[in-house]
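We number each residue from 1, following the sequence as shown.
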Amino acid sequence: MFRIKETFGVELGVGLFYRAPTLAATAAWLDAAVAPVGGRGQQSGPALVRRERVAHPAGRDRPGHLTRLTDGWSLWRTVCLRGAGLPADLTAALGDAELAAAADRVVAAAGDEAGLVDAEAAYAAVYPGAVGRLTAALHAVAAHPRFREAVAWQNPHALRTGVDALLRRGPDHRTRNTRHRQHEALVTSYLQRYCLKNDTIGFFGPVGWARIEPGAGVRVDPADPPALLARRTVYLEGWAVAAVLAPYAVRLRPWLVPRVMPFLDLTGTTLRIPLAAPVTVGDAEAAVLRACDGIRDANAVAATVLADAGSGLRTTREVHEVLGTLAATHRIAWQPEAAPHDTRPERTLRTLLERVTDAGVRTPALGALDELCAARDALAAAAGDPDGVTAAMSHLEATFERLAGVPATRRAGTMYAGRTAVYEECLRAGTVAVGEGSLDGVRTALALVLEGARWFTAAGATLYRRLCTEIYQRRATELGTDVIPLVDFWLLAGEALFHPPQRLTALLTAALHRRWADVLTLPAGRRRVRFTAAELAPAVAAAFGAGRPGWPTARQHSPDLMRAGDEWVLGELHPGVNTLRYATWVACHPQADTLRAAMGHDVGAGVVYPAETGQEGGVPTRQSNALTGAGDVRLVFAHDSFGHDPRRSLRVGECDLVGTAGGLRVRSRDGRFDTDLMDVLGDVVGAGLSQLFRVLPPAAHQPRVTIDSLVVSREAWTFTAADLAFADTRDEALRFRQVRAWAAAHHLPRHVFLRCAGERKPVHADLTSLASVDLVSRAVRRARRHGGDDAGVGVVEMLPTPEQLWLTGPDGRYTAELRVVAVDGQGR
């Protein structure tokens, strides 16, 4: 990720430079190191960054955006409601209790020869009817208008070649060959995602907003008249808009804004380049590079350069020729492009085109953009009509391919990556109020988990400081100086900054789980274990101490909470990250500025955030950070990162990394910026580490653990692909019986989520469903192909269960979670 082979002709990757002799020795070092590092005060430099210290009141004078959790922790009153867009009830017909009961009787009769014969005969008699019921159920799903529309938005090709193929065979078709089963698996896969997983995308995963208010209970106030959606918005992908304008790139160049690559820095006529000696450039090249400030277009650059007699350039054409040479050598970017964080790229590029003074260039380029936007608008108008969406999507794809000359889809074969030229985001109708009283049973329990999250960020920062120090020392030794270019460090650290190395994560998670093991004594063989927060509080204080967050934004954590009857269930907890900041979510909030103000209050001004990138591994545009403040700083490190105010941006190429008595510091060469390295890296590394926080480690079996009224860990099992031998059984009737035997042997509930090694997302499995069994078997076989028999397979209970769902809509019950922001009361 984020390599520069195409820019400088080298491809850099880095391993982790840890030399710790043993895990135990490093763990002991981490124990001693976390508290001092976590407690280190944030230091700030001049001008560009001045970190404000914000006191977090523990009493009644909390600011209006916060509500008390405990004396040490607060919650944002604004809560993101993530819920499925299709009701969970749609999946019920895929389960078959009668078939499962017949299979269970076969399993129970093992060892009883006579009883086994009778049970097998009864199962064989029931099985054909179950197949018929499943065929009819999947046919009904394939014909369901909202299901069809969801697939049409996400993958029109799958709708045409898979869903429609199943539909054409009719509900009474009993011949289930390989292709037919593939089509059934496709329908099942999409259905379980749309109905039972809290993804936020399109109308099949609309974002909602809730508030924590005085009162008790969780109240759902439906829209009047009843409706699922309050708003639908169709967005164009930036890559698609740029592709449509690419044929006009050369003719548009005079009006495009050239910008210096972030890895470069110019002083006089000396150009610093990564991991190499500086080079001297000519006066003309230096003058042009200095004029490329990220604001001026090429014509303005030319005017600036021509006003400099020392450049040696005399005409606009000569300046443009130098710009062309610099672009060809990858020293500047100079082409039509959309900023990776720009959710409305067509508007930005339209503004650019309207400045073009040559009608012969402006008119056809605007015409192409208008055609693309018209196709987008026609698609938006068709929303709600699956056939209309299918036709409009086909028209948009054809229009795009005619205008751009490239395919209209990317990343074939992936379900979760954005592939089409458009995407839709929707706002759920109705309101949800979470009564403060409903949290009374979980306040202290959640605070205890948050204490562990704070420690986790401090420990993660400690490990990264060690990694960074080793990389710095190696490069400083090579250069013979204690001041090294930040870009050298950045490239040597490589993917370790964005994808935490396994050695580091192993140390961090082992230390985390060891501490939780000191807190939670889990009796062997139990499926349910309960504690009180009061009895655990002393052990939590001893295990996790009272250190400080590992980086500025780590004063916030994002737990996902689900309601299951009278209890709350902790889903994922994202330490050190505010996950309400996603751009298209914020765009759906009626008072987005209040969210930005809340962010500024909690973490202060002058926070350093990474500039977004569209490179592989970067976040999608919809997930770009929309909660930055006017005083915050953007760190620009990727060749396609741009669009932020250059005056509040910091290019890695213009900074040094300096070793001081207080640790490593990042300093810009112009003196504007001077701060601790972890202040610069915190949001970057925090995003990778936030996926790793778990109270309990994987094990053959882990019980459900409840503290007061908060389930902090659901019941879970870990297998290898080889353990699930049923995946290779071709006979579906036999395989279903094998699955029922497997479920009985491990006391698995009916509804589980299963995740195989190498898969991005878990799949839901109803273990009474032939369709789910087939889906699970396919996932296990994929895992075995990629990871061998030892590939891991994790299983976790579905909690809340379908019967416990509380979010209702016009046509049934929906899965849902509340994504909460917790704020640490300890000062910075």
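- Note that CZ of R648 is 8.5 Å distant from CZ of R672, once rounded to the nearest 0.5 Å.
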Note to self: Evaluate K197 against D199 for salt bridge (Lys or Arg N to Asp or Glu O under 4.0 Å), listing each step before the verdict.
What the structure shows: CA-CA 6 Å; K197 298 167 75 173; D199 287 330; 5.1 Å; no
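- With 3.5 Å as the limit, one finds a donor-acceptor pair spanning the side chains of T67 and E436.
- Cation-pi check for R622 over Y423 is met; the charged atom lies under 6.0 angstrom from the ring centroid and within 45 degrees of its normal.
- A distance of 6.0 Å or more separates the ring centres of Y464 and W551.
- Note: E612 CD to H341 NE2 = 6.0 Å, rounded to the nearest 0.5 Å.
- In this structure, H65 and W76 have perpendicular ring planes: the angle between them is above 60°, well past the 30° mark.
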Evaluate E797 against R714 for salt bridge (Lys or Arg N to Asp or Glu O under 4.0 Å), listing each step before the verdict.
CA-CA 6 Å; E797 64 173 324; R714 287 166 285 180; over 6 Å; no
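- E346 and Y235 form no side-chain donor-acceptor contact under 3.5 Å, judged by distance and modelled atom types alone.
- With rounding to the nearest 0.5 angstrom, the OG1 atom of T70 is 8.0 Å from the CG atom of L450.
- Scanning all heavy atoms of the two residues, the minimum distance from D342 to P345 falls at O-CD, 3.3 Å.
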*Check step by step if side chain to side chain donor-acceptor pair (under 3.5 Å) holds for W73 and E451.*
CA-CA 9 Å; W73 293 91; E451 297 288 331; 2.9 Å; yes
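- The side chain to side chain contact (heavy atoms under 4.5 Å, CB included) with P610 is formed by just one residue from the set L681, V684, V619; it is V684.
- Between F753 and H764, the ring planes are perpendicular. Angles over 60° get that label, and only those under 30° would be called parallel.
- Atoms CE and CG, on M678 and D683 in that order, are 12.0 Å from each other to the nearest 0.5 Å.
- For the atom pair CG (L236) and CZ (R344), the distance works out to 8.5 Å, reported to the nearest 0.5 Å.
- Ring geometry, H589 versus W209: the interplanar angle exceeds 60°, so the pair is classed perpendicular (tilted spans 30 to 60°).
- Of the residues R428, E425, E424, the one that meets the side chain to side chain contact (heavy atoms under 4.5 Å, CB included) test with F203 is E424.
- The CD1 atom of I707 sits 10.5 Å away from atom OG1 of T444, with the distance rounded to the nearest 0.5 Å.
- Of all heavy-atom pairs spanning C195 and P87, the tightest one is SG-O, 3.3 Å.
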Exercise for the section: Kindly determine whether R515 and D518 satisfy salt bridge (Lys or Arg N to Asp or Glu O under 4.0 Å), including the steps that lead there. Expected result: CA-CA 5 Å; R515 280 165 172 74; D518 291 340; over 6 Å; no
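- Annotation for D566: atom CG does not count as buried by contact number, only 12 or fewer foreign heavy atoms lying within 6.0 Å.
- Of all the heavy atoms in G83 and N198, the pair that sits closest is CA-OD1, 3.8 Å.
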| message | Checking W516 against F544 for the ring pair (Phe, Tyr, Trp, His ring centres under 6.0 Å) test, could you report, in this order, the C-alpha distance in whole Å, the side-chain angles of both residues, the deciding distance, and whether it holds? | response | CA-CA 9 Å; W516 278 116; F544 298 110; 5.0 Å; yes
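- Between the side chains of R68 and S74, no donor-acceptor pair of N or O atoms lies under 3.5 Å.
- Screening L650, T675, D674 against S668 for a side chain to side chain contact (heavy atoms under 4.5 Å, CB included) leaves a single residue, L650.
- When ring centroids are compared, H557 and H574 stay outside the 6.0 Å threshold.
- With sequence neighbours left out, A534 forms a side chain to side chain contact (heavy atoms under 4.5 Å, CB included) with T532.
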